[in-house]
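Just so we're on the same page: letters track the sequence lines, and every chain starts at 1. Bear in mind that the values here come from a model prediction, so they are computed numbers and not experimental data.
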Amino acid sequence: MIRLHNTASGKVEPVVPRDADSISMYVCGPTVYGEPHLGHGRFALVFDVLRRYLEFSGLTVHHVSNITDVDDKIIARAASEGVTEVDIAARYEKSWWDAMDALGVLRPAEAPHATDYVEDMVEAVAGMLASGSAYETSDGVYLSVDAVEGYGLLARQPLDTLRAGARVEAGGEKRSPMDFALWKRAKPGEPVWPAPFGEGRPGWHTECVVMSLDLLGEGFDIHGGGIDLAFPHHENERAQASALGRPLARHWVHNGWVTVGGEKMAKSLGNYTSLDDLLARSDPRSYRLLVLRSHYRQPLEVTVRTTKDAAEALGRLDALSRRFGAAGWLEGEVRQRAGVDQKAAGELGLDAAAIASFCSRMDDDLDTPAALAGVFEVVRQAHVAGDRGETQRGEQLAHTADWLCAALGLRLEAGAGGAWVPVRGGAEAAGGGAHAGEVGTERGTEASTYGSGPDEEVLALVEERDRARAERDWSRADALRDELAVAGWTVEDTPQGTKIRRT
RNA sequence: GGCGGCGUAGCCGAGUGGUUCAGGCAGGGGCCUGCAAAGCCCUGUACAGCGGUUCGAAUCCGCUCGCCGCCUCCA
């Protein structure tokens, strides 16, 4: 069974499913008020990998991730653009899912919207008022943190020291500076919902409590998100659940953030790169690989250099696929079972030792860097076997590597970046294109504007070069290679003829 | 002020009380190739500094320096 760091205890602990053979997981999703950036991409990828790995381990995962579509920032943005909050939320929710699809992040089983749960939130707030853990002020309803046992758990800091450090003074009627809004009374021009304690809108933290309990039930297995959510967001969720007498998650998992020059990537610092920008200029898989190369709890430095690094490493994986046709192997029914049916690995004759090693590393607090190092070792062994003429062994290892990559959500030789065009038959080449299209199916939509298949002109150059080589006209062949290079293609001669790939 | 994290070879980035310097990228040499590309082989003797514990520490403890984060919205 996998062991994961639990922010509530500060230790790496086994994840014990509440219900046998299945895992209930709630991951805090985005507030849709702007374009998603690399930081959002990281948390989405981290939990996508966790979800895939749990499934790979034979568990059924009930994955819920919310969309926060009512919030101060959405209201502010709508006001500044002169459109409705609904417009803003709809626009950026679409951006969100587009980016997720491009990154190959599997859709959660459910993606509840805060605005669909306002009635439940009103009920929850009423419950907290009734029990005396919440109180009303002129501008809303607040939760009294003093009423919550052990408040500060997820901040890993006791309440008194948290309070001492509070930079913002209690806003007039708040009993404690740490108290937070459960309900904000209506202000002119803002969206409102009816409530017995005055019409208004919900605070930020209540939605996750209500939605996770509704969809996953009390004491669900995993609650995740970025480390900056640990406090106050998650602690405030926990506080409310506690006030309601309804336990929330048993395991709190948080990922580290993306840094730029050592500093946290944040919109407020203006040092962010949007996912769109990244996806427009690189293979979406390379960001996944970059994320996998560091441990999920560590900060991740993203620069042009580290991004390029990851792309090169990805090229090494693709090269293996190219050599052994692993991508072609992992199709259809086999593809569907990859990463979701560990038992099939045995039936398919994959390398059991490599898979066992991979799993033990992943089980150790989702140690993807170590797991990936193991995959690269398998890659090397596959090449060695191939060089020795041990084709079957080479294929077995290559297939194993492909299988493990699939478990991580990495599809080898996928996308235009890895497109290789066999020399003979444009039809074959077109087949390669269809292959890439299937990737799109898996992702939900076709990835990005990055790269595109070779056009007729390029294919003509490839064919001409093959003729030149057949005639041993090396200078002509070299000139054509140069032309292809200028067009952005790297040439590789193989026993099957000239192949090209995006440089 | 309180709480917490980090500092590893050219770069990124794991790991751990003691055999082969995780892995990737970059670099050097060789093999392969018409030349390349891809691949393989060889090549790096790093763990901020200072003390301490230990037969032995980069790994444990203490201190110092530097960087970052949370305590306010934040993935």
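Using atom P as the reference point in both C25(B) and C40(B), the two lie 9 Å apart (nearest Å).
Comparing A26(B), C35(B), A14(B) by their nearest atom to the side chain of Glu312(A) picks out A26(B). Comparing A38(B), C71(B), G24(B) by their nearest atom to the side chain of Arg322(A) picks out A38(B). Of the listed nucleotides (A37(B), C25(B), G39(B)), G39(B) has the atom at the smallest distance from the side chain of Arg323(A). Checking C12(B), A14(B), C25(B) against every side-chain atom of Pro369(A), the shortest atom distance belongs to A14(B). The nucleotide whose nearest atom lies closest to any side-chain atom of Trp257(A) is, among C73(B), C11(B), C70(B), C70(B). For Asp493(A), whose side chain is taken as the heavy atoms from C-beta onward, the closest listed nucleotide among G34(B), C71(B), A75(B) is G34(B). Taking only side-chain atoms of Gln157(A), from C-beta outward, the nucleotide of A38(B), C25(B), G2(B) with the closest atom is G2(B). Listed nucleotides: G23(B), A75(B), G13(B). Nearest to the side chain of Tyr33(A): A75(B). Among the nucleotides C12(B), G39(B), A37(B), the one closest to any side-chain atom of Arg293(A) is C12(B). Taking every side-chain heavy atom of Phe376(A) into account, G24(B) is the closest of A75(B), G24(B), G34(B).
With both pairing distances under 3.5 Å, G39(B) is matched to C31(B) as a Watson-Crick or G-U wobble pair. Within the shown strands, nothing qualifies as a pairing partner of C73(B) under the Watson-Crick or G-U definition with both distances less than 3.5 Å. In a base pair of the Watson-Crick type (N1 to N3 plus N6-O4 or O6-N4) or a G-U wobble (N1-O2 and O6-N3), with each distance short of 3.5 Å, U19(B) is matched with no nucleotide. In this structure, U45(B) forms no base pair with any nucleotide, since neither Watson-Crick nor G-U wobble geometry is met with both distances under 3.5 Å.
Atom CG of Leu229(A) and atom C1' of C70(B) are 12 Å apart (whole Å). Distance NE2 (His205(A)) to P (C73(B)): 6 Å, rounded to an integer number of Å.
Side-chain atoms of Asp387(A) stay outside donor-acceptor range of the base of C41(B), with no qualifying N/O pair under 3.5 Å. Remark: the Asp367(A) side chain and the G15(B) base include no donor-acceptor N/O pair separated by less than 3.5 Å. In the interface, the side chain of Arg481(A) is paired with the base of A36(B) through a donor and an acceptor atom under 3.5 Å apart.
Between Gln298(A) and Arg465(A), the residue whose closest nucleotide on RNA chain B is further toward the 5' end is Gln298(A).
For A75(B), one of the phosphate oxygens OP1 or OP2 lies less than 4.0 angstrom from a side-chain nitrogen or oxygen of His40(A). At C70(B), one or more side-chain N or O atoms of Lys264(A) fall inside 4.0 Å of OP1 or OP2 (strictly under the cut-off). Remark: Arg380(A) is in phosphate contact with C41(B), judged by side-chain N or O atoms under 4.0 Å from OP1 or OP2. Proximity of Arg316(A) to the phosphate of G39(B): a side-chain N or O atom is located under 4.0 Å from OP1 or OP2.
When each of Val64(A), Asp221(A), Leu215(A) is paired with Ser24(A), the side chain to side chain contact (heavy atoms under 4.5 Å, CB included) condition holds for Asp221(A) and for no other. Just one residue in the list Leu290(A), Thr259(A), Thr273(A) forms a side chain to side chain contact (heavy atoms under 4.5 Å, CB included) with Val302(A), and that residue is Leu290(A).
Tyr26(A) is not listed as a side-chain neighbour of Ile222(A), based on a closest heavy-atom distance of 4.5 Å or more. Counting heavy atoms from C-beta outward, Pro369(A) and Arg293(A) have side chains that stay 4.5 Å or more apart.
With centres under 5.5 Å and a plane angle under 30° as the test, the ring of Phe43(A) is not stacked against the base of A75(B).
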Point to revise | From CA spacing to verdict: ring-ring contact (aromatic ring centres under 6.0 Å, His included), His254(A), His234(A) | key: CA-CA 10 Å; His254(A) 296 103; His234(A) 284 163; 4.9 Å; yes

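With Tyr33(A) as the aromatic partner, Lys267(A) meets the cation-pi criteria of under 6.0 angstrom to the ring centre and within 45 degrees of the ring axis.
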